[in-house]
J.: 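Below you will find the structure I want to go over with you.
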There are 2 protein chains.
Amino acid sequence: MQSNKDAARKTPRLDVHNSDVPLVCRACESRHKGVCGSLTPDQLVQLSKHTTKHVYRSQSELITVGDDVHTYSNILSGVVKLTKLMADGRQQIVGLQFAPDFLGRIFSSQSSYSAEAATDVRVCSFPKSVIEDLARSAPNMEHALHEQTLKELDEAREWMLTLGRKTATEKVASFLYLIASNIDPELDDDEHTIRFELPLKRLEIADFLGLTIETVSRQITKLRKSGIIELENNRTVIVPSLARLQGACENEQ
Amino acid sequence: MQSNKDAARKTPRLDVHNSDVPLVCRACESRHKGVCGSLTPDQLVQLSKHTTKHVYRSQSELITVGDDVHTYSNILSGVVKLTKLMADGRQQIVGLQFAPDFLGRIFSSQSSYSAEAATDVRVCSFPKSVIEDLARSAPNMEHALHEQTLKELDEAREWMLTLGRKTATEKVASFLYLIASNIDPELDDDEHTIRFELPLKRLEIADFLGLTIETVSRQITKLRKSGIIELENNRTVIVPSLARLQGACENEQ
DNA sequence: CGACGCCTTGATCAACTTCAAATTTTGTGG
DNA sequence: CCACAAAATTTGAAGTTGATCAAGGCGTCG
């Protein structure tokens, strides 16, 4: 997705040991990834002056609909869910974000969705104004944010196809495939078997797929009985063949 | 949505009669809107050197999945639908674009969806390289494109809620409300009644809503019988009260 | 242990789809 | 302008999928 065109825009990446890079950033896993990865040491210094790290416990809110947003964050670890709520309580998860995604609707003081920690989440936060000043003055910063937005848009549209046109089984398979691709999975000796923890509980999966919790449960059982997945426990999934799981995302009937 | 923060970034808008503005742009309805609206006369000149205008007939393809894209376009009039197709033929419209939207997945040579004219469409096209060079060298250009991407992302997520959690009637009402808000409607003497042409046929509405054509037809009939809309003919809709239509988008049962 | 949260399973029901056909609208050529 | 064919839409009846309602199981924590 990232093309070689981008490489030209980036300031040549300096060695991690370069003393220009601020201390907080030097040991950061996101240092070379996501938005931070395309910043110059100078910009990192400017940013790091206002950086704070936070841990959010699972199910706590990072951004509330309607509230003014004063910070943006880099996700260092964990999974964040973006949810929309209807007046009568119906809920839809409209996006999942993983490290090292950038969190926050830039150039807008209000969010039209809330962001909640699906798992425990560690973030590196920056005041809104610092990010926006940097975006205004540093084209590479705005470009990095733009790429992040484009990635989210591609993912949202892919999910629209899932929501609008896939069957319940295909939806659940698509969800498992999404997680398998985004969580760093343990690869088994038999290099084709992968294993991972689900970051969402059944109700959240239902809210992501536009289904009910019962239907999600039944489809998981169905995928298990058909041998496409195995369950070590409710949260731990083993995928013997990623190709077979992928096939289940779009079943020719 | 556009905030006053943006105003500061924009070069002060020059008078339309300013001779610096190229001829093709001077008479253009999009001149002050969309991406072009935030360009300087110099940038417009640079862009206009490579500008071509096209008309696409309804149902013709502007962008085909998998094909390399060599141009970006500004929509001058008409409606463009972005569609995704599954191997077995299931189809989902993942976005609708209206004038003066910018069309094309920037910074990527391939599109993961196709773009088709839903109605006759007039566009102003630019070679990919010119746009991307401009985006690289002119921060205000990239910012304008970024704002467009953010707007599309907000719309996509709003629609994910519709696809995932709304009933068939609510979906159709939401679609009509979307069109009423994006097509410039005729306002009746009685200032509350609005009237517009549907840019999509029933099958396309179904593909946008994740429904079948029959269900769409039945829901339209239902909305008509309940007095929320009137039909002048298959394509012409009259909305006596926009507030009532909005209410139908999210019905407390 | 007992209560609670979470997940699964079963039975029934409603919403939406599918299949089929009728009806209306649109386009074309004489 | 009419006749006719093709396309689009509507309507009806039956079938399916997934939702709802209800109950029970499992694991954790006080």
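Note that these values count all heavy atoms, side chains included, but never hydrogens, waters or copies made by symmetry. Order of the sequence lines fixes the chain letters, A, B, ..., with proteins taken first and strands second; residue numbering starts at 1 for each chain.
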J.: Would you tell me whether A:S58 and A:T119 have side-chain atoms, one donor and one acceptor, within less than 3.5 Å of each other?
T.: no
J.: Taking atom C1' of C:dC7 as reference, at what distance in whole Å does atom CG of A:L231 sit?
T.: 11 Å
J.: D:dA8 P sits how many Å from B:R202 CZ, rounded?
T.: 12 Å
J.: Report yes or no: do A:S111 and A:R105 form a side-chain donor-acceptor pair below 3.5 Å?
T.: no
J.: With no hydrogens and no angle check, do the side chains of B:S217 and B:E214 hold a donor and an acceptor under 3.5 Å apart?
T.: no
J.: Test the A:R157-B:Y113 pair against the cation-pi criterion, namely NZ or CZ under 6.0 angstrom from the six-membered ring centroid and within 45° of the ring axis.
T.: yes
J.: Without hydrogens or angle criteria, can the side chains of A:E204 and A:Q91 be said to hold a donor-acceptor pair below 3.5 Å?
T.: no
J.: Might you work through the salt bridge (Lys or Arg N to Asp or Glu O under 4.0 Å) test for A:R90 and B:E170, ending with a clear yes or no?
T.: CA-CA 13 Å; A:R90 280 175 284 177; B:E170 289 170 335; 2.8 Å; yes
J.: Just checking, any donor-acceptor pair under 3.5 angstrom between side chains of B:T52 and B:S125?
T.: no
J.: Rounded to whole angstroms, how far apart are CD on B:Q59 and C1' on D:dA8?
T.: 12 Å
J.: How close or far is atom C1' of C:dA15 from atom CG of B:L163, stated in whole angstroms?
T.: 17 Å
J.: To the nearest Å, give me how far apart CG (B:L198) and C1' (D:dA8) are.
T.: 13 Å
J.: Specify the separation, in whole Å, of atom CG of A:N234 and atom P of C:dC6.
T.: 11 Å
J.: Can you check side-chain contact (heavy atoms from CB on, under 4.5 Å) on A:N74 and A:V123, steps first, answer last?
T.: CA-CA 5 Å; A:N74 250 345; A:V123 300; over 6 Å; no
J.: Going by number, which of residues 78-87 of chain B have a non-hydrogen atom under 4.0 Å from DNA chain D?
T.: none
J.: Is it the case that the side chains of A:S77 and A:R122 hold a donor-acceptor pair, with the cut-off being a distance below 3.5 Å and no angle test?
T.: yes
J.: Rounded to whole angstrom units, what separation is found between the CG atom of B:N233 and the C1' atom of D:dT10?
T.: 15 Å
J.: Over how many whole Å does the gap from A:E232 atom CD to C:dC7 atom P extend?
T.: 17 Å
J.: In the 5'-to-3' direction, what one-character label does each nucleotide of nucleotides 11-30 of chain D receive under the scheme B = base within less than 4.0 Å of a protein heavy atom, S = sugar-phosphate only, - = no such atom?
T.: BBB----SSBB---------
